[in-house]
Amino acid sequence: MGKAITVRGKSVEQAVETALDILCLDLSDVHIHVNKTAESSGFTGASRFAEVTVTPVRYNAPTTDLLISESGQAGVRITGGRVEVHEASANVLPSIEAGTGVLVIVNGEKIDGRRKISESDIVHIRTIDELTRAQLSITVREQGALALLTVSPGKKVTRTVKDSGYEHNLTVVAEEIHEIVNDCSQQMIREACAQLGISAPLDKRVLWEACETVVPYEAIIARGIFPKPGLDGDVEVQIDVDGITLADEGKVNYREQASMQLVQDGQLVAAVLPPIPGQSGEDVFGNEIMAEDGQTAAIRLGKNVTKTGNHIFANCSGNLVLERTDNVIFIDIADSLEMDEVNFASGNIHFDGDVTVKGSVSQGCLLEVTGAVEIGGEVSKAEVYAGKSVHVAGHVSSSTIEVGQQQSADAKYAVELETLLPILNKLGAFIQDIGALREVELSTLDGQDLKKLFRIGFGDKYSSFQEQLQTFAQRREPIATDPDWNELQTILYSIFVNTMNPGVKDGLEFLDLISKAQQLAVSHLPKETVTSSRLRMPYAVNSTLNCAGTIEIIGNGLAQCKVHAQLDLLAEGVCRGGELVADRHVSIRECGSKRGGQTIVRTKEAGSIVIGIAHAGTVLIVGDQSYHLSETLIGVTAKLQNGVLTVR
């Protein structure tokens, strides 16, 4: 073989012709290898020239001459890459045609299509090998923050002529061997990135994988710095509704996990959070990528809230309402509350205002409000406390309802503390006596010494006192206003229950604690109740009903209930069993039972009792005088006349 040359052209054919002109050879005198065909580049997007390598070939005369087959069979065949022709007759000549990847050269001329040949023709066959180089492209995305590298491996096709038997019309077929070729180099990728102006560091792992891959490959070759968008302004709720108590020790009363957020007048309910600006980034070319800044929160205030600076305060007690719609935050305090049910899902309800319950109050639940209560369903094994009035549309069973006697949260603390104060005062006097006996100052008696003295002073009763004090320490009133209660509870719990914490430093600090507890109790003890309240329901069984005003039973009546109205008790139905008390007047349509059983009806000295039908076993009490009915009477009136109980 002679020296090979590599030539480019707009097509493979044009490149081959140029090479033959340079070498001054015919097509039959060279071997042709196609390095790349003419096609578009995936990276630059421009057209690419075809490239061929042409090598001169020196042939020996015997191998280029046509040989007549010894078999004597007519036709043309290929054996060992050599063409053999055997004419059947001068009028019937065989033909030959080049298949894919094959050149057929007859008498020094490349043929196109099918051609008849004779034994005198000189026929050569050349195969065309192909090489497709790997393609690479780089795409910049995400505002220039990412550079994506795509590599498609190339392909090498090596062909050899396939032998054939004698055929009258022969198509030369080449056997092909396909091989994946990836001639992409790291330097090629770096140069391509440099041409685009990418200045960000290139991923070395991606460089290595792209040059080694034998399948289509795609990965991020360079990264910029993504911009960080700012955060919009918002509103942060400031109230705490976790419901966990001091001595729960990790336990939670789930009935106190109310879904509502109840607040007091003047309480800080929310804080306005300012927007946070964004942080700009940098693309793979080194240019800045601007970031969007957060927007100021659009806040619309309701009628019961006030905004001072970046803080929002409640103008009244009620339920916090916070709604987010169309990028607007609405905040309001509802001074009345409407709900479907009071059950395990809603939790216990403590509300400063009026409450309407469309459905029922379920077992084990507590409804405690300072205003009026409307209950559309039943009350079953529950507790209802209201400051003004209660109207129950359904039946009441095994429940407690109190109206008008509602104590404030602080008053409840004060009432319970008042039962502890006598004991605390005795303990104060006790340690003073000890100090006098020992002739030492109370400041020398430290907290741990006091704990020992208290145990000695109580003796066997110390455990019962601990239980009583622990009940007070565990009390959690959701709407209490005085923060001193929590501090007092914590200190007393530490002194008498918690063995690790002394609670107070010395005896003087303990006496000061007693003085503060007395002042706290006096300032919050409940005031006299108002008797304008009203309790109204159709029927109650096995329940306790108390009202500072009037109790009305408008349905079937009462069964085995304990009832006390500070004004009047008015019952249109039948009242059987229990104790029915009204301080001013009792009016019952029917009382007691035909089968006997005691029913007590009581009023004060100035009060009166009127019963339509009073069965035997009914006990009438006015003041301190009583009368037992031994038989059923109709139209019974009982009151004191000149200090004597008169029953008519």
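Along the sequence shown, residues are numbered consecutively beginning with 1. What you see is a predicted model; the values in this text were computed from it and never measured.
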Audit row: Leu558, Tyr539, side-chain contact (heavy atoms from CB on, under 4.5 Å) steps and yes/no: CA-CA 6 Å; Leu558 302 169; Tyr539 177 76; over 6 Å; no
Pairwise side-chain contact, Leu569 with Val563, heavy-atom cut-off 4.5 Å (strictly under): yes
Side-chain donor or acceptor of Asp232 paired with backbone N/O of Gly294 under 3.5 Å: no
Atom CD of Gln448: over 12 foreign heavy atoms under 6.0 Å: yes
With sequence neighbours excluded, residues passing side-chain hydrogen bond (donor to acceptor under 3.5 Å, both in side chains) with Arg438: none
For the student: nearest non-hydrogen atoms of Ser443 and Asp506, plus distance: O-CB, 3.5 Å
Check: Glu467 main-chain N/O paired with Thr471 side-chain donor or acceptor under 3.5 Å: yes
Point-to-point distance, once rounded to the nearest 0.5 Å, from OG of Ser399 to CE of Met537: 9.0 Å
Glu487, CD atom: more than 12 neighbouring heavy atoms under 6.0 Å: no
Ala372 to Asp354 - nearest heavy-atom pair and separation: N-OD1, 2.8 Å
Thr550 side chain vs Arg534 backbone, donor-acceptor pair below 3.5 Å: no
Stepwise side-chain contact (heavy atoms from CB on, under 4.5 Å) check, Val586 with Asp568: CA-CA 6 Å; Val586 178; Asp568 303 329; over 6 Å; no
Check: Gln470/Tyr493 side-chain N/O donor and acceptor closer than 3.5 Å: no
Validation row, ring centre Phe454 to ring centre Tyr462 under 6.0 Å: no
Thr356 backbone acceptor or donor facing Glu374 side chain under 3.5 Å: no
Test item: Asn304 side-chain N/O and Asp332 main-chain N/O as donor-acceptor pair under 3.5 Å: no
Spatial distance of atom CD1 (Ile401) from atom CG (Leu535) [nearest 0.5 Å]: 5.5 Å
Any donor-acceptor N/O pair, Ser543 side chain to Ser398 backbone, under 3.5 Å: yes
Under 3.5 Å side-chain donor-acceptor pair for Asn315 and Thr306: yes
Donor-acceptor under 3.5 Å (Gln466 side chain, Phe496 main chain): yes
Glu288 atom CD, neighbour heavy-atom count above 12 within 6.0 Å: yes
Residue pairs involving residues 414-434 (criterion side-chain hydrogen bond (donor to acceptor under 3.5 Å, both in side chains); sequence neighbours excluded): Glu416-Arg475, Asn425-Gln518
Side chains of Leu148 and Glu218 in contact at under 4.5 Å (non-hydrogen atoms): yes
Leu202 side chain reached by Arg190 side chain, heavy atoms, under 4.5 Å: yes
side-chain contact (heavy atoms from CB on, under 4.5 Å) partner of Val392, the single match among Val384, Val361, Ile375, Val357: Ile375
Lys505 backbone acceptor or donor facing Asp446 side chain under 3.5 Å: no
Close side-chain approach of Ser336 to Val355, heavy-atom, < 4.5 Å: no
CD1-CD1 distance between Ile431 and Ile514, expressed to the nearest 0.5 angstrom: 6.5 Å
Closest non-hydrogen atom pair between Gly353 and Val369, with its separation: O-CB, 3.6 Å
Non-hydrogen side-chain atoms of Thr544 and Asn546 separated by less than 4.5 Å: yes
Over 12 foreign heavy atoms within 6.0 Å of NZ, Lys307: yes
Candidate pair Val390 and Tyr385, rule side-chain contact (heavy atoms from CB on, under 4.5 Å), full reasoning: CA-CA 8 Å; Val390 173; Tyr385 302 95; over 6 Å; no
Val342 versus Met339, closest heavy-atom pair with distance: CG2-SD, 4.0 Å
NZ/Lys451: more than 12 non-hydrogen atoms of other groups inside 6.0 Å: yes
Whether Gln238 side chain and Glu236 backbone form a donor-acceptor pair below 3.5 Å: yes
Verdict with reasoning, Phe472 to Trp485, per side-chain contact (heavy atoms from CB on, under 4.5 Å): CA-CA 10 Å; Phe472 170 75; Trp485 291 117; 4.2 Å; yes
Donor-acceptor contact present, side-chain Glu341 to main-chain Ser360, <3.5 Å: yes
Interatomic distance, Ile138 atom CD1 to Ile221 atom CD1 [nearest 0.5 angstrom]: 7.0 Å
Side chain to side chain, Phe313 and Val305, heavy atoms closer than 4.5 Å: no
Point-to-point distance, once rounded to the nearest 0.5 Å, from CZ of Phe330 to CD1 of Ile299: 12.5 Å
